[in-house]
Amino acid sequence: QTLRVNKFGEGSVTSNLTGINCGDTCEAAYDYDSFVKLTAQPAAGYQLIGWHGDCAGLASSSTVKMDGAKTCEAYFAELPPDGHSNLSVVTMGGNGIVTSDPEAFNCESVCTLPYENDFTVILMVTADADSSFESWGGDCSGTDTFITVTLGKVSMTCTANFKLLPPTYNLIVTKTDTGGSGVVQSDLLGADGFGINCGADCIAAYPINTTVTLTAIPDFGSSFKGWSQHCSGTETSTTVTLEAAKTCTAIFELLPTYDI
């Protein structure tokens with residue numbers, strides 16, 4: 001399995017197993033399921049900010065399991081000038097962006113900027129659609145989507161910790177056009193906060209492997225006859241598990257009428 005190291009800024013990365021010595025050799029092949037420990041050494045006048053890609057963390061070393069092709073990124077930054085401190089942002093886990101007020105950061109991976117000592121910066125985080133924001137880490141803490149940082153005389157690194165959301169699949173409800181009518185409702189709300197109430201809302205997205213109960217409610221003058229497609233049975237309630245996108249059809253029929 002191929003391990004590639006990408007280096008940003010001045011420094012070197014070496015591996016505990018023979019292969020990576022980057023500087024010069026930044027790609028090597030390793031046995032499947034082996035563990036490779038990478039160690040970053042900043043050049044004079046630089047500091048290691050952190051790892052990204054298939055490696056993570058702020059420490060000088062990061063270990064990656066070679067259960068597939070992997071790419072690790074090591075980020076180095078220049079030491080700040082006198083009277084300044086570096087503020088670094090590292091995103092981890094899922095996907096998102098960190099911005100700042102005053103405007104300066106627009107960071108999706110690892111970013112560093114020097115600020116005058118005692119300068120105050122507000123960092124703000126926005127998760128991508130496939131992720132949720134969990135917390136700040138490193139020299140920052142808390143779970144609010146914004147945080148105030150005051151630079152002292154020591155450089156600071158804040159991690160924005162995201163979590164990848166499980167994939168979602170659509171559950172679609174249709175109703176047969178046989179003259180009867182009714183409503184189908186779900187017991188759970190979907191990932192976007194909306195559930196099935198069909199009627200009007202006949203599609204909802206649910207996390208993978210969610211089991212949803214659908215209930216058919218016939219209108220006055222109609223009867224419920226059963227389910228088809230990915231749902232089955234003749235009971236008014238049925239369950240469906242979303243290991244893939246599913247469609248359930250509710251069959252309503254008009255009740256017979258009689259002249260008196």
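Throughout, numbering of the chain's residues begins at 1 and tracks the sequence.
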Any link between [X] and [Y] through a network of hydrophobic side chains (Ile, Leu, Val, Met, Phe, Trp, Tyr) touching at under 4.5 Å?
X: Val240; Y: Leu188; value: yes
X: Val184; Y: Tyr169; value: yes
X: Leu214; Y: Ile203; value: no
X: Ile217; Y: Phe224; value: no
X: Val5; Y: Tyr46; value: yes

Evaluate side chain to side chain contact (heavy atoms under 4.5 Å, CB included) for Asp31 paired with Met66, printing each intermediate quantity in order. CA-CA 7 Å; Asp31 292 339; Met66 298 305 298; over 6 Å; no
What verdict does the side chain to side chain donor-acceptor pair (under 3.5 Å) test give for Thr241 and Thr211, after you've listed the backbone C-alpha separation in whole Å, the side-chain angles of each residue and the deciding distance to 0.1 Å? CA-CA 4 Å; Thr241 299; Thr211 297; 2.9 Å; yes
I'd like to know if the side chain of [X] pairs up with that of [Y] as donor and acceptor (distance under 3.5 Å, no hydrogens or angles considered).
X: Thr236; Y: Thr215; result: no
X: Thr14; Y: Asn21; result: no
X: Thr39; Y: Ser61; result: yes
X: Thr249; Y: Gln229; result: yes
X: Thr143; Y: Ser135; result: no
X: Glu134; Y: Ser132; result: yes

Taking atom NZ of Lys70 as the centre, report whether more than 12 heavy atoms of other residues, nucleotides or ligands fall under 6.0 Å from it. yes
Tell me if the CD atom of Glu243 is crowded by more than 12 foreign heavy atoms within 6.0 Å. yes
Applying side chain to side chain contact (heavy atoms under 4.5 Å, CB included), run through Asn6 and Arg4 and close with a yes or a no. CA-CA 7 Å; Asn6 293 328; Arg4 175 160 186 82; 3.3 Å; yes
In Å and rounded to the nearest 0.5 Å, what is the [atom1] to [atom2] distance from [X] to [Y]?
X: Asn170; Y: Leu242; atom1: CG; atom2: CG; result: 8.5 Å
X: Gln185; Y: Ser237; atom1: CD; atom2: OG; result: 10.0 Å
X: Asn106; Y: Cys111; atom1: CG; atom2: SG; result: 8.0 Å
X: Leu87; Y: Thr112; atom1: CG; atom2: OG1; result: 8.0 Å
X: Leu38; Y: Ser60; atom1: CG; atom2: OG; result: 11.0 Å
X: Ser155; Y: Gln47; atom1: OG; atom2: CD; result: 4.5 Å

Identify the two heavy atoms, one from [X] and one from [Y], that lie closest to each other, and give their separation to 0.1 Å.
X: Thr145; Y: Trp136; value: O-CZ2, 4.0 Å
X: Ile208; Y: Pro166; value: CG2-CB, 4.1 Å
X: Lys7; Y: Phe76; value: CG-CE1, 3.6 Å
X: Tyr32; Y: Gln1; value: CD1-NE2, 3.7 Å
X: Phe105; Y: Ser100; value: N-OG, 2.9 Å
X: Gly179; Y: Leu254; value: O-CG, 3.2 Å

Any sub-3.5 Å donor-acceptor pair from [X]'s side-chain atoms to [Y]'s backbone N or O?
X: Thr159; Y: Asn161; answer: no
X: His230; Y: Cys248; answer: no
X: Ser131; Y: Asp128; answer: no

I'd like to check [X] versus [Y] (side-chain heavy atoms, cut-off strictly below 4.5 Å). Are they in contact?
X: Phe119; Y: Pro102; result: yes
X: Leu151; Y: Glu116; result: no
X: Thr91; Y: Glu108; result: no
X: Thr99; Y: Thr126; result: no
X: Ser222; Y: Ser181; result: yes

Sequence neighbours excluded - disulfide (SG to SG under 2.5 Å) pairs with any residue from residues 116-147: Cys140-Cys158
Step by step, would you call Asp130 with Leu165 a side chain to side chain contact (heavy atoms under 4.5 Å, CB included)? CA-CA 5 Å; Asp130 66 351; Leu165 299 173; 5.7 Å; no
Test Phe133 against Val98 for side chain to side chain contact (heavy atoms under 4.5 Å, CB included), laying out the working first. CA-CA 11 Å; Phe133 174 69; Val98 178; over 6 Å; no
Ring-plane angle category for Tyr75 and Phe8, please: parallel below 30°, perpendicular beyond 60°, tilted otherwise. parallel
Kindly determine whether Ser85 and Asn117 satisfy side chain to side chain donor-acceptor pair (under 3.5 Å), including the steps that lead there. CA-CA 6 Å; Ser85 299; Asn117 292 342; 2.9 Å; yes
